[in-house]
There are 4 protein chains.
Amino acid sequence: MIIVLHRNSSDEQIQYIMERILELGFKPHLSRGEVRTIIGVIGDEEKLQVEPLAAIEGVEQVLPILKPFKLASREMHPADSVVTIGKVKIGGGHLGMIAGPCAIEGYEILDGIAAAIKAAGANILRGGAFKPRTSPYSFQGLGEEGLKILKDVGAKHDMPVVTEVMDPRQVALVERYTDMFQIGARNMQNFDLLREVGQTSKPVLLKRGMSATVKDLLMSAEYVLSEGNSQVVLCERGVRSFEDSTRNMLDMSAVPNVQTQSHLPIIVDPSHATGKPALIPAMARASVAAGADGVHIEVHSCPEKAKSDGPQALLPKQYAAVMLDLKKLAEVMGKTF
Amino acid sequence: MIIVLHRNSSDEQIQYIMERILELGFKPHLSRGEVRTIIGVIGDEEKLQVEPLAAIEGVEQVLPILKPFKLASREMHPADSVVTIGKVKIGGGHLGMIAGPCAIEGYEILDGIAAAIKAAGANILRGGAFKPRTSPYSFQGLGEEGLKILKDVGAKHDMPVVTEVMDPRQVALVERYTDMFQIGARNMQNFDLLREVGQTSKPVLLKRGMSATVKDLLMSAEYVLSEGNSQVVLCERGVRSFEDSTRNMLDMSAVPNVQTQSHLPIIVDPSHATGKPALIPAMARASVAAGADGVHIEVHSCPEKAKSDGPQALLPKQYAAVMLDLKKLAEVMGKTF
Amino acid sequence: MIIVLHRNSSDEQIQYIMERILELGFKPHLSRGEVRTIIGVIGDEEKLQVEPLAAIEGVEQVLPILKPFKLASREMHPADSVVTIGKVKIGGGHLGMIAGPCAIEGYEILDGIAAAIKAAGANILRGGAFKPRTSPYSFQGLGEEGLKILKDVGAKHDMPVVTEVMDPRQVALVERYTDMFQIGARNMQNFDLLREVGQTSKPVLLKRGMSATVKDLLMSAEYVLSEGNSQVVLCERGVRSFEDSTRNMLDMSAVPNVQTQSHLPIIVDPSHATGKPALIPAMARASVAAGADGVHIEVHSCPEKAKSDGPQALLPKQYAAVMLDLKKLAEVMGKTF
Amino acid sequence: MIIVLHRNSSDEQIQYIMERILELGFKPHLSRGEVRTIIGVIGDEEKLQVEPLAAIEGVEQVLPILKPFKLASREMHPADSVVTIGKVKIGGGHLGMIAGPCAIEGYEILDGIAAAIKAAGANILRGGAFKPRTSPYSFQGLGEEGLKILKDVGAKHDMPVVTEVMDPRQVALVERYTDMFQIGARNMQNFDLLREVGQTSKPVLLKRGMSATVKDLLMSAEYVLSEGNSQVVLCERGVRSFEDSTRNMLDMSAVPNVQTQSHLPIIVDPSHATGKPALIPAMARASVAAGADGVHIEVHSCPEKAKSDGPQALLPKQYAAVMLDLKKLAEVMGKTF
């Protein structure tokens with residue numbers, strides 16, 4: 001850690017800071033430059049990062065050197081992690097192809113969609129039973145009834161299932177029905193919820209928050225990992241931006257950015273990222289070529305009657321067309337699904 | 001609601017859309033322009049907004065006319081709401097001057113800070129017992145012990161208290177000790193938590209999410225209001241931006257922006273918004289002059305030893321100096337605290 | 001165009017607005033809804049868009065229906081445009097592979113880089129002679145001397161060249177040496193410069209501004225097109241965002257987003273978008289898979305001694321490795337370079 | 001400057017970096033920590049900042065310690081600068097109250113507006129003769145005819161005038177008519193234009209770019225200052241953000257942020273920042289209370305017929321009402337206009 005002092009910091013201030021650092025159990029190295037004086041601090045930076053050194057008089061800024069995450073970092077775990085959901089693997093060359101409707105609306109509809117996406121090559125079925133809706137007046141999901149339908153349809157089509165959990169009180173209930181928890185973008189920093197799923201033995205699909213940096217995302221993964229659950233898959237789903245012609249801005253560079261810093265698999269959700277069916281196929285292709293470990297796409301057999309996010313869903317035939325392209329691209333990338 | 005059709009939409013498509021709208025119980029008005037055809041839809045727009053009309057073939061875009069919030073809107077409630085926390089009022093000319101440390105660290109420290117801010121003119125004491133920390137390795141708050149200290153210190157100094165609740169399971173516990181719930185920025189769209197505090201009888205301080213629009217903020221307030229709790233105070237605390245020299249970007253225009261659309265009081269938190277003590281006094285003054293219904297400032301007697309966010313806290317003497325300015329400005333604005 | 005009236009607009013106000021629209025030569029259609037009254041306006045929307053109708057008392061908002069660009073729109077020109085730079089084509093299945101150093105530093109260095117990128121498959125050579133530097137104290141480019149070197153090296157290696165022009169006074173000078181003008185991100189809305197290159201017969205590479213929407217980018221292209229120069233290639237190069245671990249945020253969805261709205265080719269520059277060599281290969285691959293019409297990459301034989309943006313340049317051998325992947329991906333996409 | 005090395009950097013790499021720094025004329029200080037090795041570099045950091053040290057193998061990141069601007073910095077010039085436009089002063093307790101229409105449309109209209117704003121307390125008249133319009137089909141300004149009108153009306157009402165210059169070729173022309181140049185947001189990094197006005201003797205109003213950081217703004221001021229023109233006034237006018245209910249997001253904290261780092265005066269333009277007349281008065285008040293050195297407001301006597309940006313202009317009577325408030329606030333702040 002580097003402590004940069006104010007141009008006019010006094011000798012007393014410098015002395016005080018040096019003593020404070022020693023008192024905290026670290027070794028300070030003083031370097032007086034022509035214009036600025038800096039203090040390098042050596043020791044366990046993680047312990048140091050929680051100390052409010054920037055608040056000491058005479059300090060201009062504190063520059064951390066180490067990354068604040070540990071279990072999620074590639075330095076601690078150089079090989080790619082492979083996460084297993086039922087019989088499906090994500091990471092290390094295995095692509096997770098997650099598809100399904102935004103919300104579970106009934107057995108027949110979901111059954112039809114599941115059959116279609118399975119035929120197109122999807123290997124994990126998604127569907128929401130608890131929906132985080134901006135408006136309290138919108139459809140909020142079928143709850144446990146939806147979970148049952150999801151489990152049954154998944155079993156019928158031999159696909160593991162993933163569904164969102166929004167409330168720590170629902171974790172035990174959702175766990176009974178799902179093969180993987182989804183933590184939605186709005187809950188990426190719902191730390192109590194992260195801890196709760198971290199204490200289960202089911203894998204977690206952690207979506208990036210709408211204005212979370214890559215570092216924030218990895219810190220949230222760290223919450224799950226630090227509770228003992230090492231089965232975390234990250235998901236880039238677009239962030240908020242000034243661009244008003246897409247629902248969010250897909251930060252495609254998050255894929256290699258995460259992969260250089262962390263061993264955790266990362267997939268991309270072009271449905272929420274763009275909000276526009278016309279842009280989803282191109283972004284799905286780009287995701288695979290960027291090296292993502294999977295693609296998450298919303299599919300609905302009748303978008304105009306969907307109870308949630310219909311306008312961004314692909315039709316089953318559109319999904320099938322995309323998947324043909326993704327197969328060719330996966331081959332070029334040396335990956336399979 | 002206006003439905004804009006694609007340039008090349010066919011007569012069959014138009015016919016189909018017209019029928020679909022009638023079927024939903026609304027009256028469509030067709031206007032064929034030189035380049036575009038549009039359909040105006042008249043009826044209860046709230047019901048219509050949940051229908052995925054944009055997913056119908058031939059539709060280019062759907063333009064809503066009405067705002068999606070109702071109980072929070074000024075149209076439904078033209079007069080300013082006044083929220084009462086203990087003996088203190090916020091709104092309608094009454095300024096809520098909330099101050100205190102980021103985290104509750106012990107009785108003596110909080111007692112000292114409370115005495116100082118009370119003397120400076122603060123009327124509500126804040127302090128965190130459950131802390132949402134980016135890192136699982138940072139100090140997470142004293143929990144119930146902290147709540148007890150907060151209640152005791154508030155009582156001693158005759159100030160109502162506000163503290164954050166992060167988990168729906170803690171709402172009942174926190175309610176026993178606090179006069180006002182705080183919903184933090186990271187939980188602004190934690191809808192289960194919003195519903196839970198909406199079912200209590202204590203006022204709620206709802207902080208704007210890091211990338212929430214003003215509309216999003218009002219929709220989250222709508223969640224609390226729709227459960228029956230009408231005591232909501234909004235708080236602008238800065239949003240994420242590209243500017244890297246401040247912690248967040250204070251969107252000061254959110255103050256009049258909210259006030260033109262909603263009857264709910266709105267205060268400003270320049271501490272989290274800037275993250276820099278040097279900028280807080282100017283932003284506190286600007287908040288009062290902008291017409292905010294209060295100011296929320298973090299104060300700590302020894303920022304360099306604070307267990308959370310020390311570097312952004314004001315010293316008690318700095319806070320007292322700011323409050324002198326705020327008194328003069330409140331007078332110009334015709335308000336009191 | 002749709003004019004939405006305030007909830008409380010009076011009959012006189014409505015009457016006045018109706019007359020004003022008739023006076024401007026358009027036909028208004030009044031629809032009174034239960035909560036809101038709206039006026040649909042039919043006629044040449046382009047003429048109407050310049051009228052400040054939102055300023056009339058009683059008007060709440062004005063919603064345009066048509067896009068404000070015309071020559072750049074796919075509606076006016078359904079087929080893909082193909083832009084020709086020397087013997088190289090961009091668009092319609094032809095990929096423009098632009099590479100070279102950020103700044104031209106001398107004949108030998110550029111010659112070496114040109115040989116290497118040509119061998120790797122690049123078809124257009126880039127290099128800056130006039131550099132837009134954030135600091136007035138940074139290297140500003142070799143000026144005309146640099147242009148000569150660029151032209152000579154391009155000729156030697158049989159590659160057309162592209163270089164940035166920053167000042168309308170330099171357009172004639174630069175035109176003598178270059179095969180294609182580059183308009184940098186900082187000048188995307190330097191309208192006098194756009195008009196000036198619009199009056200030449202050389203193609204223009206127009207980079208997206210750091211906070212320009214896709215619509216803004218197409219409006220800037222419209223400036224060039226409206227002066228008579230139809231040879232415009234757009235370039236996505238990342239936009240400003242809150243993410244602080246990359247130089248900019250690459251908005252990959254801009255590729256299909258532009259392609260659905262415009263006939264102009266669009267390429268991607270992952271060098272400026274990410275600023276990090278470790279992320280460039282993945283983003284170059286994603287660009288081709290997304291359907292981009294080319295990729296722009298900075299290459300330098302000795303980044304650590306480069307006079308501008310060295311830390312984001314690829315080494316020639318790294319570039320060659322990327323190009324092998326891009327060839328395979330271009331094949332899958334049915335494109336060539 | 002601090003150079004942080006990769007975890008696995010080899011001894012040869014470290015040796016090479018040390019030699020490279022010595023070769024550049026600087027003194028390196030090596031500190032080997034438990035996890036990371038860092039090199040502190042002492043010497044003239046400005047010279048060092050142009051070296052691409054981050055591109056050397058083994059280097060993870062380079063952390064600059066000093067700010068990259070010099071003439072604009074408060075460290076070099078501790079007292080507030082006061083800029084003089086005709087007889088009007090901005091800075092050091094003097095508020096510049098700039099008002100007028102977006103575009104100059106004719107003598108009579110401007111004359112009427114000037115009389116009204118002068119009566120309300122404005123001390124500088126603004127009006128655009130060259131307009132940067134997003135669309136090539138919008139009104140582009142009256143050019144020299146407009147400049148003449150502006151000069152005449154300013155003289156009649158004894159107010160100095162400010163007008164935008166967009167093209168380096170127009171600087172000499174504009175200089176003949178204006179008392180102050182305005183550099184618009186879109187041209188904040190038009191470096192040739194900055195240099196050109198830097199060589200004149202007229203003061204410059206430099207508006208912040210739409211996605212410029214405070215540091216970027218100060219670097220652009222540095223361009224003007226480095227050419228010898230020290231009369232620069234900065235202007236915060238809102239930045240691009242995800243918030244879609246205002247035209248831009250007013251970064252009010254830029255006022256104290258600039259003032260702590262620079263001696264240059266800074267004013268605020270709430271008209272462009274919000275784009276909404278209903279929000280302008282509150283933001284004008286907040287600007288004065290934040291410590292801004294002036295306020296820039298667009299005023300038009302008939303916004304609904306204005307040729308540019310009518311919907312964001314205040315009526316003269318609205319402006320007069322705001323100015324009454326600003327007078328009281330200026331008094332509290334110990335300032336005058």
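Below, read A as the first sequence line, B as the second, and so on, with proteins coming before strands; counting in each chain starts at 1. Just so you know, these numbers come straight off a predicted model, no measurement behind them.
- Looking at B:A212, the atoms closer than 4.5 Å to chain A (heavy atoms on both sides) all sit in the backbone: N, CA, C or O.
- Heavy atoms closer than 4.5 Å to chain A are found in the side chain of B:Q170, but not in its backbone.
- At a threshold of 4.0 Å, the pair A:R195-B:D167 does not count as salt-bridged, since none of the basic side-chain nitrogens sits closer than that to a carboxylate oxygen.
- Heavy atoms of A:K305 lying under 4.5 Å from chain B belong to its backbone as well as its side chain.
- In this structure the side chain of B:E105 reaches within 4.5 angstrom of the side chain of B:H300, judged on heavy atoms.
- By number of non-hydrogen pairs under 4.5 angstrom with chain A, the leading residue of B:N190, B:T134, B:V239 is B:T134.
- Between chain B and the options A:Q61, A:M210, A:E222, heavy-atom pairs under 4.5 Å are most frequent for A:E222.
- With a 4.5 Å cut-off on side-chain heavy atoms, A:L206 and A:S220 count as touching.
- Each of B:R20, B:M188, B:K215 has some count of heavy-atom pairs under 4.5 Å with chain A, and the biggest count is that of B:R20.
- The pair A:R208-A:D251 meets the salt-bridge criterion, since a charged nitrogen lies less than 4.0 angstrom from a carboxylate oxygen.
- Annotation: maximal heavy-atom pairing with chain A below 4.5 Å, among B:S226, B:S135, B:A54, occurs at B:S135.
- Looking at A:R240, only its side chain comes within 4.5 Å of chain B, counting heavy atoms on both sides.
- Proximity to chain B is limited to the side chain of A:E196, based on heavy atoms less than 4.5 angstrom apart.
- Looking at A:R133 and A:Q140, their side chains never bring a donor and an acceptor atom within 3.5 Å of each other.
- The part of A:N187 that comes within reach of chain B is its side chain, from C-beta onward, which places non-hydrogen atoms under 4.5 angstrom from that chain.
- Shown here is A:E144, whose CD atom has more than 12 heavy atoms of other residues, nucleotides or ligands within 6.0 Å.
- Within the 4.5 Å cutoff, the side chain of B:K131 has no heavy atoms near those of the B:D309 side chain.
- Residue A:Q312: no heavy atom, backbone or side chain, is found under 4.5 Å from chain B.
- Side-chain contact of B:Y16 with A:E304: a donor-acceptor pair under 3.5 Å is present, judged by distance alone.
- Using a 4.5 Å cut-off between heavy atoms, A:T213 contacts chain B through both its backbone and its side chain.
- Rounded to the nearest 0.5 angstrom, B:L225 CG and B:M219 CE are separated by 11.0 Å.
- When heavy atoms are compared at a cutoff of 4.5 Å, A:L53 does not approach chain B at all.
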